[in-house]
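Below is one structure, written out as structure tokens; the observations come after it.
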Amino acid sequence: MGSKILKDIEEKWNKKWYEEHAFETEHDERKKYFLNFPYPYMNGYLHLGHLYTLMKLEIMARYKKMRDYNVLFPFSFHCTGTPIIAAAERIKEGEEKEWNIMRMMGIPDEEIKKFSDPVYWTQYFPKEAKKDLMSLGCSIDFRHSFITTNLNPRYSKFVKWQFRKLKELGYVTKGEHPVVWCPNCKSPVGDHARLKGEGVRPEKMFLIKFNVEGRVLPCATYRPETTFGVTNIWINPNVEYAIAKVDGEEWIVSKSSVEKLKDQKHKVDVIGRILGSELINKKCSNKLRSDVPILPAEFVDPEVGTGVVMSVPAHAPYDYIALKDLGVDIKPISLIKVDGFGEFPAIEIVERMKINNQKDSEKLEQATKEIYKKEFHTGVLKDITGKYKEMKVSEAKELIANDFRNEDLLVDFWELPEEVICRCLTRTHVKIVDDQWFLKYSDPNWKKRAHEALARMSLYPEVVRKQFDYVIDWLNDWACTREFGLGTPLPWDKKWIIESLSDSTIYMSMYTIWHILKNVPEELIDDDLFDYVFLGKGDKKKLVERGIDERTLDKMRNEFDYWYPFDLRNSGKDLIQNHLAFCLFNHVAIFPEDKWPRAFGLNGHIMVNGEKMSKSKGNFKTIRDMVKEFGVSPLRLSIALSGEGIDDANFDTELTKSLTMRIENLLRFLTSKHETSSEWKVQDEWFEAKIDNTVADVESAMESMMFKTAASKCFFDLQNDLKFYSKWRGTPNDRVLRKYIDVQTKLLYPFIPHVSSEVMEKLSLDGNWPSAKRVEVPKYKKYVETVMNDLKSVKKLAKGEHAKIFVAEDWKFDVIGKDFAEAKSIIEKHVEKSMIGKMLKMYKNGSDLAKSEQMKVLKDSKDFIEKETGLSVEILDADEGDDEKARASTPKKPGILLW
RNA sequence: GCGGGGGUGGCCGAGCCUGGUCAAAGGUGCAAGGUUGAGGGCCUUGUCGCUUAGUGCGUUCGAGGGUUCAAAUCCCUUCCCCCGCACCA
């Protein structure tokens, strides 16, 4: 839909801008402003979420341009990582769900087939995204666009350069890392490749060893400290267990845990099997507990942990209730003191929640969670724990685990808290990948520098700073390589692909030179070139000798030096704890301080009519659909009005629709001829001040990225002011009207540049931001409104066609500003005793306008008042009138007589 | 649990830092009137309650308490909601 008038204008200007290369720029004498967007992932069309974040930058770019900055706004497309490759795979397999996603995007089946090749995604979607961006008239210099992955060797070389640098600095190290692993596919299983268990992560457990007849029973637990309170061991009597040589010892474990142990760096050989029932009633022991009976329990799941569980009835509701069901008389052993509970918290909660038996698993889960939480965070260990007594559970846990590990009592074990099923229908488990590469974000020195960088940055909004500092401290080593996915191979260990957040941390520097680099022969691009261009290091002569044109080299170096660092990077708030934090870390590692980022902008998520946008709700909106539905200008303006700051924004479709007409009307007003007057009245004084203030308000809002405030002030408020002014003034003053048109057009330019450009062209306005002047707005409007309201309410209650308005007597104005006693004595001279109280109130209220101003305002507004109220009006000085209503006048409000 | 952000009139949302000009901007919704062939749009008015030939009163900004001449705004307590807690874009 949208509007034809606006559409024509939008198309006209889009065409003009891109044909004339209006947004292509290189360094010059002006101050520069370089802003960028975290490149969007190219597994679909750009959508409302992108648009919201994007508009922050687009508005800023347009604004800075008006303020005579040299503005660089590049845009690229992200293709590394697993989602594209996984989706391509699913298309290839003909998976219904994936095909439907593509169909919903409006892609015909013939075309969808082509998406079984991941490379096709990297060609198709960037191209389409660019179309969308251009339809919106974004002021992007597309000469700086690239796609990521090794399909783009120049980019890949850059990433390799970056990683070699990081390695030299000692920031890339090798280590272990748990992953969700499919034993059938023999690969890690990301969320996208799961039938069940999306979002489930490996959790660290512990195996506590007990000995039975020369064999080890490893009990899986999250709480090693509870070993002190073990009363028995649970074994499922109906399950066949494996006897296996594990790292030289004979262990009894469930069969499924054999594979887990193998994948978690243990040497495991199965040498026999044993029924659970054969173990029942035997006794086992370890250093801490002896003569511990093995008891049967059907709740023990052989798929979880090792299928061997230790029982701590004092603190584990399951264990207590199982013992109770079994009817065995075993005394629980208490080891944790916790507020609000007595000696045996598990027993208390079971009774309190009225849990009758093991089958009440829902309540048992809940009880277990509550007890665990409470004991972990507020519990204190009792004397029975020996040297750990009086310690908090939360502090002692790791310490105990370490000690137990050293005493050969405990072995680490990773487990999935819920079942995760691979797409191939296989149940997965945790594997320890042991030659994984990490970025050492845990390095204290590195963290310190990241904090320093943050401290000198601007953040929009400022409230995210605390969170950022917290994130920098919280970040741990990041597994930066993958075995699977699109991306750049790790230069020194080619079996690994660099993970897709790790290859995207300093690429904004590439923007500054991409338009040049893309024409440099690929074979000439190497680390030396990047060292020279980005760091000014190395020998330029050698590079030139090798065949790179010297001018090209200088140009790249100059462009980078001019544009970098970036002045603003804006993103959704979800990138704080990963991408943006990484960006900071990597910048401080590689670049000198004067190239560290200047500002981050963060925005919330955007909702549609108060609901989260989602494909399943059917309110998923792509940019192209929205452009079609609402038109470019209403869409742009509505997005700007939808929100600011870190809170979630709301895109209101009703508002957007109503904007179409409002923009059209405004356009018509701005470009039509108006009858004007050269006379200067109070109305003109008021409106001019109002315009000046609006410019000042909007400007300060723009500077701090408060675009909703800015848009609402310059679109709604300023037009409302004009509306009132027109009614009030009748024929507008020539100069003031021209000023309004000029300001209105320009302030709206960042939001609806097509419309503004059209007006500017028609009226030959310059394209500069108006100068802001903060002035005091005279209170004329408020005064007139007061008088009008009074007239109207009086008219409602009394009949009459004529009104006399009495501006208060001189002495009433005299009272204002005097001290209390003096005021009182003046009043006493003029009124009866009974009225003194009332008059003193008037003294307290004061007045915004002097008497002469009031007279002038009323005289200049006479036509307006008569028209609005339908009364014929006389304006009088109360000093010259003798009506009782003249006496009722105050400096705040004149007296009114209707007749 | 830790960290961050919030709770304002039918809804969205400004105000809170720097207390008074706040019954609280603006938008949207709703209602009435005008314009219009109808609808839409646009324009006007109303939209906490009471009262009234006007400038008045009461109750309201999650809840409770406090500071103050004065609190949506400051302090304390409490309840509730949202987001993040990673190896993933």
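Sequence lines set the chain letters: A, B, ... in the order given, protein chains first and strands last, and positions in each chain run from 1. For the numbers below, each heavy atom of this structure counts, side chains included, while hydrogens, waters and symmetry mates do not.
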### Query
Does OP1 or OP2 of rC42(B) have a side-chain N or O of Arg668(A) closer than 4.0 Å?
no
## Note on the structure
If pairing means Watson-Crick or G-U wobble with both distances under 3.5 Å, then the partner of rC87(B) is none
### Message
Heavy atoms from C-beta onward define the side chain here; which of rA89(B), rG27(B), rG4(B) lies closest to that of Leu655(A)?
### Response
rG27(B)
### Task
May I ask you to verify if any side-chain N or O of Asn720(A) is less than 4.0 angstrom from the OP1 or OP2 atom of rG27(B)?
yes
### Task
Establish, with yes or no, whether the OP1 or OP2 oxygen of rU28(B) is under 4.0 angstrom from a side-chain nitrogen or oxygen of Ser658(A).
yes
#### Entry: Side-chain N or O of Lys713(A) closer than 4.0 Å to phosphate OP1/OP2 of rG26(B)
no
### Task
Go through the side-chain N and O atoms of Glu499(A) and Trp478(A) and say whether any donor and acceptor fall under 3.5 Å apart.
yes
### Task
Strictly below 4.0 Å, heavy-atom distances to any atom of RNA chain B: list the hits from residues 496-504 of chain A, or just say none.
Glu499(A), Ser500(A), Leu501(A)
### Message
Heavy atoms only, 4.0 Å cut-off, all strands: where does Asn43(A) land among base, sugar-phosphate and nothing?
### Response
nothing
### Query
If we call it a pair only when both distances are under 3.5 Å in a Watson-Crick or G-U wobble match, what pairs with rG33(B)?
rC43(B)
### Query
The side chain of Gln467(A) lies closest to which of these nucleotides: rG4(B), rG26(B), rU28(B)?
rG4(B)
### Message
For His177(A) and Phe438(A), take the angle between the two ring planes, folded into 0 to 90°, and tell me which bin it lands in: parallel under 30, tilted 30 to 60, perpendicular over 60.
### Response
perpendicular
### Query
What nucleotide, of rC12(B), rC87(B), rA89(B), holds the atom closest to the side chain of Thr82(A)?
rA89(B)
#### Entry: Footprint string (nucleotides 29-40 of chain B, 5' to 3'): B base within contact, S backbone only, - free, heavy atoms under 4.0 Å
S-----------
#### Entry: For rA70(B), the Watson-Crick or wobble partner whose two distances fall under 3.5 Å
none
#### Entry: Candidates rG5(B), rG26(B), rU28(B) - which lies nearest the side chain of Ile646(A)
rG5(B)
### Query
What's the closest nucleotide to the Ala479(A) side chain, out of rC85(B), rC87(B), rU44(B)?
rC87(B)
### Query
Quick check: are there more than 12 heavy atoms from other residues, nucleotides or ligands sitting under 6.0 Å from NZ of Lys204(A)?
yes
### Query
Among Asn570(A), Ile576(A), Val464(A), Leu584(A), whose side chain to side chain contact (heavy atoms under 4.5 Å, CB included) with Phe600(A) holds?
Leu584(A)
### Task
Only one of Ser76(A), Cys79(A), Pro83(A) passes side chain to side chain contact (heavy atoms under 4.5 Å, CB included) with Met42(A); say which it is.
Cys79(A)
### Summary
Partner of rG19(B) under the Watson-Crick or G-U wobble criteria, both distances under 3.5 Å, comes out as none
### Query
Would you say a side-chain N or O of Arg662(A) is under 4.0 Å from OP1 or OP2 of rU28(B)?
yes
### Task
Could you check whether Asn578(A) gets within reach of a base, just the sugar-phosphate, or nothing at all, counting any heavy atom under 4.0 Å?
base
### Query
For the side chain of Asp717(A), counting heavy atoms from C-beta on, which of rG26(B), rG5(B), rC87(B) is nearest?
rG26(B)
### Task
Tell me what His78(A) touches on the nucleic acid: a base, only sugar-phosphate, or nothing, going by heavy atoms under 4.0 Å.
sugar-phosphate
